[in-house]
Student: 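Before anything else, here's the structure in question.
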Protein chains: 2
Amino acid sequence: MSAAEKHDVFQAIADPTRRKVLQLLAEGDLPISEITSHFSMSRTAIAKHLHILSEAELVSGRKVGREKRFRLQPEPLAELKQWLSFYDQYWDNKLSILKHVIENSGENGLKVIEAEKDTDEPL
Amino acid sequence: MSAAEKHDVFQAIADPTRRKVLQLLAEGDLPISEITSHFSMSRTAIAKHLHILSEAELVSGRKVGREKRFRLQPEPLAELKQWLSFYDQYWDNKLSILKHVIENSGENGLKVIEAEKDTDEPL
DNA sequence: TTGACATGAAACCAAAAGGTTTTATATAAT
DNA sequence: ATTATATAAAACCTTTTGGTTTCATGTCAA
């Protein structure tokens with residue numbers, strides 16, 4: 001019930017481009033060419049990324065007409081979530097977590113935290 | 001306050017060996033050679049993995065005597081957790097999550113779930 | 001001070017990753 | 001029927017990864 005699974009979830013999300021693709025698909029199903037339009041690389045490159053995401057079963061593609069529409073399939077992220085949960089017990093307190101999240105405000109959706117910086121809600 | 005950070009958390013945990021190293025260090029600080037003894041690869045290889053984990057600030061090493069002891073630093077995992085949380089809204093129900101976790105019972109610590117399969121607690 | 005131990009660092013290597021360009025094929029629209 | 005669109009597939013290229021072996025260095029112990 002699963003393909004060769006050459007790539008797992010951990011590898012799949014390791015690449016920033018693929019994470020951005022996932023984020024895009026979160027807003028709705030999209031065909032390859034439309035996904036490509038959001039990047040500065042060839043359609044072929046994006047197709048390969050989609051293939052890897054597909055192997056990890058994070059996306060699925062079905063051909064409709066002449067285009068292939070891809071859909072987000074977030075279920076495999078559960079494995080990651082579970083893996084992460086193991087390390088919960090090694091955190092002393094929530095402040096150190098929050099500190100790190102704020103400091104590491106990379107490209108990866110800090111919106112939630114940033115939105116809350118104005119409020120006095122200390123989490 | 002952070003090094004060159006050539007590798008981020010996502011890349012750091014992409015490799016199964018590095019995940020196993022993290023798991024080992026969760027039980028307590030260890031010097032390189034002792035970590036190496038748990039693997040079938042050279043000490044140099046493990047040292048490189050530790051370096052990558054170090055860049056991601058998932059571990060820290062301090063020299064004590066002639067050995068270098070490494071310690072788990074789970075804080076950067078918060079970034080991952082936050083990234084994950086974005087996709088929570090795309091899950092329909094918890095059953096699909098549980099289903100996937102059980103099916104994908106890889107090497108990555110399924111113990112919790114397996115222990116709960118006997119109970120009638122449906123999560 | 002002479003070994004043994006623990007690590008560091010460099011050179012090297014094969015395979016995988018992440019791209020590109022080119023060629024082919026199926027579908028839609030005119 | 002012809003052309004434009006959307007993708008697929010193959011060949012190729014460069015850089016990174018993940019490993020090795022070799023040699024140098026610092027530290028502990030006898």
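Just so it is clear: chains get the letters A, B, ... in the order the sequence lines come, proteins before strands, and each one is counted from 1. Any value given below was found using the heavy atoms of this structure, including those in side chains, with hydrogens, waters and symmetry copies removed.
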Student: Tell me the interatomic distance from A/Lys63, atom NZ, to C/dA26, atom P, rounded to whole angstroms.
Tutor: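 Roughly 8 Å, once rounded to whole Å.
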Student: Side-chain donor-acceptor contacts of residues 34-42 of chain A below 3.5 Å, not counting sequence neighbours, with atom names and distances?
Tutor:
from, atom 1, to, atom 2, distance (Å)
A/Thr36, OG1, A/Ile32, O, 2.9
A/Ser37, OG, A/Glu34, O, 2.6
A/Ser42, OG, A/Ala45, N, 3.1

Student: Provide the full list of salt bridge (charged side-chain N to carboxylate O under 4.0 Å, His left out) pairs with a residue in residues 21-33 of chain B, sequence neighbours left out, each pair given once.
Tutor: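 Listed by first then second residue: B/Asp29-B/Arg71.
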Student: I need the CD-P distance between A/Glu55 and C/dA16, as an integer number of Å.
Tutor: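 Interatomic distance, CD of A/Glu55 to P of C/dA16: 13 Å.
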Student: Give me the atom names and distance for the closest heavy-atom approach of B/Phe86 to A/Ala26.
Tutor: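 For B/Phe86 versus A/Ala26, the nearest heavy atoms are CE2-CB, 4.0 Å.
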Student: Please encode protein proximity along nucleotides 12-19 of chain D as a string of B, S and -, counting only heavy-atom distances under 4.0 Å.
Tutor: -----SSB
Student: Over how many whole Å does the gap from A/Ile46 atom CD1 to C/dG18 atom C1' extend?
Tutor: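 Answer to the nearest Å: 11 Å.
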Student: Can A/Tyr87 and B/Gln23 be said to form a side-chain contact (heavy atoms from CB on, under 4.5 Å), step by step?
Tutor: CA-CA 9 Å; A/Tyr87 293 95; B/Gln23 191 180 315; 3.9 Å; yes
Student: Could you report the tightest heavy-atom contact between B/Pro31 and B/Arg69, atom names first, then the distance?
Tutor: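 Closest heavy-atom pair between B/Pro31 and B/Arg69: CD-NH2, 3.6 Å.
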Student: Expected output is a numbered-order residue list: members of residues 30-39 of chain B with a heavy atom under 4.0 Å from any atom of DNA chain D. What is it?
Tutor: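 Those residues whose heavy atoms fall under 4.0 Å from DNA chain D, taken from residues 30-39 of chain B, amount to none.
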Student: Minimum heavy-atom separation for A/Ala12 and A/Arg18, please, with both atom names.
Tutor: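 Between these two residues, the closest heavy atoms are O-NE, 2.7 Å.
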Student: Could you check which residues of residues 65-74 of chain B get a heavy atom under 4.0 Å from DNA chain C? Sort them by number, please.
Tutor: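 DNA chain C contact set from residues 65-74 of chain B: B/Arg66, B/Glu67, B/Lys68.
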Student: Given side chains that start at C-beta, do those of B/Trp83 and A/Leu77 come closer than 4.5 Å, heavy atoms only?
Tutor: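 When only atoms from C-beta onward are counted, A/Leu77 and B/Trp83 do touch, with a gap below 4.5 Å.
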Student: Would you indicate whether the side-chain heavy atoms of A/Leu58 and A/Ile13 approach each other to under 4.5 Å?
Tutor: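 Yes, their side chains come closer than 4.5 Å.
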Student: Sort out for me which residue in A/Leu30, A/Leu22, A/Ile52 forms a side chain to side chain contact (heavy atoms under 4.5 Å, CB included) with A/Val59.
Tutor: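 By the side chain to side chain contact (heavy atoms under 4.5 Å, CB included) criterion, A/Val59 pairs with just one of A/Leu30, A/Leu22, A/Ile52: A/Leu22.
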Student: Between A/His51 (NE2) and D/dA8 (C1'), how many Å, whole number?
Tutor: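 Answer to the nearest Å: 11 Å.
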Student: Expressed as a whole number of angstroms, how long is the span from A/Arg62:CZ to C/dT27:P?
Tutor: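 These atoms are roughly 15 Å apart.
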Student: B/Lys20 versus B/Thr17: any side-chain heavy-atom pair under 4.5 Å?
Tutor: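 No, too far: nothing below the 4.5 Å cut-off.
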Student: Please identify each residue that fulfils side-chain hydrogen bond (donor to acceptor under 3.5 Å, both in side chains) with B/Gln73, with sequence neighbours left out.
Tutor: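 By the side-chain hydrogen bond (donor to acceptor under 3.5 Å, both in side chains) rule, B/Gln73 matches no residue at all.
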